[in-house]
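The next block holds one structure in the form of structure tokens; read it before the comments.
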Amino acid sequence: FRSRETGPALLKKYNIQETEIQMPSVEAYYEKHKDWYTTPNGFVVYHIESADSAALAKRLKKVFKDKKVDLPMFMKMASKYSENKETKKAKGFVGKVILGHALPYGIGFVSNMFIELDSLADSTVSSIIRSESTGRYHVFYRVSAVASEQKPLDRVRKSIEKELATTANY
């Protein structure tokens with residue numbers, strides 16, 4: 001029968017030095033991992049909504065033919081044709097939309113919109129895209145892209161404190 005060696009005996013036998021691992025401060029952790037704390041990319045958009053894709057295509061035939069329309073013209077069409085009461089009042093204005101987030105005003109999730117808008121230039125119009133969450137159809141006008149931004153430490157402090165308390169991933 002062999003006796004088992006325990007922790008202190010093993011440390012001595014193999015000359016292992018224990019060192020205390022210091023948990024970094026929230027500020028140091030944030031500085032080291034700043035790239036983890038950014039907002040997603042997005043776009044500033046206007047839209048026209050309809051329950052019927054064929055009717056929407058017919059109303060916007062000129063837009064799809066030219067694929068280039070100015071914002072005042074798109075706003076005029078949104079005021080006339082959009083079936084979304086909230087954005088119709090605002091001449092189609094949706095605002096800043098962020099990748100991975102639902103769109104406001106009852107539009108819902110339109111993940112294909114981000115793929116298409118990413119391939120378009122500013123001041124251009126998307127094809128007709130169906131919302132996954134509402135089943136309604138949309139045409140989007142891309143005003144501009146919105147770049148990712150660094151989140152301030154005050155905004156992410158609580159999540160960093162939780163990360164430090166629950167993992168040893170320093």
Side-chain angles (χ1 to χ4, degrees), residues 26-27 29-163 166-167 169:
V26 170
E27 292 78 9
Y29 187 84
Y30 174 76
E31 285 300 320
K32 184 176 179 183
H33 302 290
K34 267 189 167 177
D35 56 326
W36 293 358
Y37 302 104
T38 59
T39 61
N41 295 326
F43 300 95
V44 175
V45 297
Y46 283 73
H47 88 129
I48 299 172
E49 180 178 323
S50 177
D52 182 348
S53 64
L56 187 57
K58 186 177 179 181
R59 289 176 177 155
L60 303 178
K61 188 166 54 173
K62 181 178 176 5
V63 171
F64 291 124
K65 182 180 171 217
D66 297 342
K67 203 62 172 170
K68 188 84 169 157
V69 63
D70 65 6
L71 183 56
M73 180 187 287
F74 191 87
M75 291 168 69
K76 184 176 178 182
M77 288 187 288
S79 296
K80 185 174 182 180
Y81 298 124
S82 186
E83 295 173 8
N84 183 309
K85 292 176 184 173
E86 292 297 314
T87 59
K88 185 174 188 168
K89 287 187 284 187
K91 299 180 180 180
F93 184 69
V94 176
K96 179 180 172 182
V97 295
I98 302 295
L99 179 63
H101 293 229
L103 277 64
Y105 310 113
I107 298 168
F109 283 99
V110 192
S111 57
N112 290 339
M113 175 202 72
F114 291 100
I115 295 166
E116 186 164 345
L117 289 180
D118 201 38
S119 69
L120 295 175
D122 289 349
S123 304
T124 54
V125 178
S126 74
S127 60
I128 296 174
I129 304 172
R130 187 172 182 262
S131 168
E132 294 92 340
S133 52
T134 65
R136 297 180 63 82
Y137 298 91
H138 304 268
V139 172
F140 294 93
Y141 183 93
R142 174 180 159 164
V143 176
S144 63
V146 177
S148 176
E149 297 174 353
Q150 185 69 48
K151 293 179 183 177
L153 176 58
D154 289 344
R155 183 171 164 198
V156 297
R157 179 178 295 279
K158 291 287 184 199
S159 65
I160 292 173
E161 288 171 352
K162 183 178 178 183
E163 175 77 16
T166 58
T167 70
N169 184 20

Are side-chain heavy atoms of [X] and [Y] found at a separation under 4.5 Å?
X: Arg59; Y: Met77; answer: no
X: Ser123; Y: Asp70; answer: no
X: Val110; Y: Phe140; answer: yes
X: Asn112; Y: Glu116; answer: no

Kindly compute the distance separating [atom1] ([X]) from [atom2] ([Y]), expressed to the nearest 0.5 Å.
X: Lys91; Y: Ser79; atom1: NZ; atom2: OG; value: 5.5 Å
X: Phe93; Y: Tyr105; atom1: CZ; atom2: OH; value: 7.0 Å
X: His138; Y: Ser82; atom1: NE2; atom2: OG; value: 8.5 Å
X: Met73; Y: Lys76; atom1: CE; atom2: NZ; value: 8.0 Å
X: Leu117; Y: Ser126; atom1: CG; atom2: OG; value: 6.0 Å
X: Ile129; Y: His47; atom1: CD1; atom2: NE2; value: 12.0 Å

*So which of Thr134, Val97, Thr87, Ile98 actually passes side-chain contact (heavy atoms from CB on, under 4.5 Å) with Leu103?*
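With Leu103 as partner, side-chain contact (heavy atoms from CB on, under 4.5 Å) holds for just one option, Val97.
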
_When you measure from the side chain of Ser148 to the backbone of Thr39, do you find a donor-acceptor pair of N or O atoms at a distance under 3.5 Å?_
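A pair under 3.5 Å: yes.
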
_Using only atom types and a distance under 3.5 Å, with no angle test, would you say the side chain of Ser133 pairs donor to acceptor with the backbone of Phe109?_
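At least one qualifying donor-acceptor pair exists.
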
*Check step by step if side chain to side chain contact (heavy atoms under 4.5 Å, CB included) holds for Ser111 and Glu132.*
CA-CA 8 Å; Ser111 57; Glu132 294 92 340; 2.5 Å; yes

*Sequence neighbours excluded, which residues qualify as salt bridge (charged side-chain N to carboxylate O under 4.0 Å, His left out) partners of Glu149?*
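For Glu149 there are no salt bridge (charged side-chain N to carboxylate O under 4.0 Å, His left out) partners, ignoring immediate neighbours.
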
State, to 0.1 Å, how close [X] and [Y] come at their nearest heavy-atom pair, and which atoms those are.
X: Glu161; Y: Val26; value: CG-CG2, 3.6 Å
X: Ala147; Y: Asn41; value: C-OD1, 3.7 Å
X: Ile160; Y: Tyr37; value: CG1-OH, 3.4 Å

_Could you check whether Glu49 pairs with Lys85 (Lys NZ or Arg NE/NH1/NH2 to Asp/Glu carboxylate O, under 4.0 Å)?_
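Salt bridge absent between Glu49 and Lys85.
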
*Mind telling me whether Tyr29 and His33 have parallel, tilted or perpendicular rings, with 30° and 60° as the class edges?*
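If you compare the ring of His33 with that of Tyr29, the planes turn out tilted.
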
*Show your working on side chain to side chain contact (heavy atoms under 4.5 Å, CB included) between Tyr81 and Leu56 and close with a plain yes or no.*
CA-CA 8 Å; Tyr81 298 124; Leu56 187 57; 5.6 Å; no

*Might you confirm whether atom NZ of Lys151 has over 12 heavy atoms from other residues, nucleotides or ligands at distances under 6.0 Å?*
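Atom NZ in Lys151 is packed in, count exceeds 12.
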
*Any residue meeting ring-ring contact (aromatic ring centres under 6.0 Å, His included) with Phe74, in chain and number order, not counting sequence neighbours*: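 Per chain and number, Phe74 pairs via ring-ring contact (aromatic ring centres under 6.0 Å, His included) with Tyr141.
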
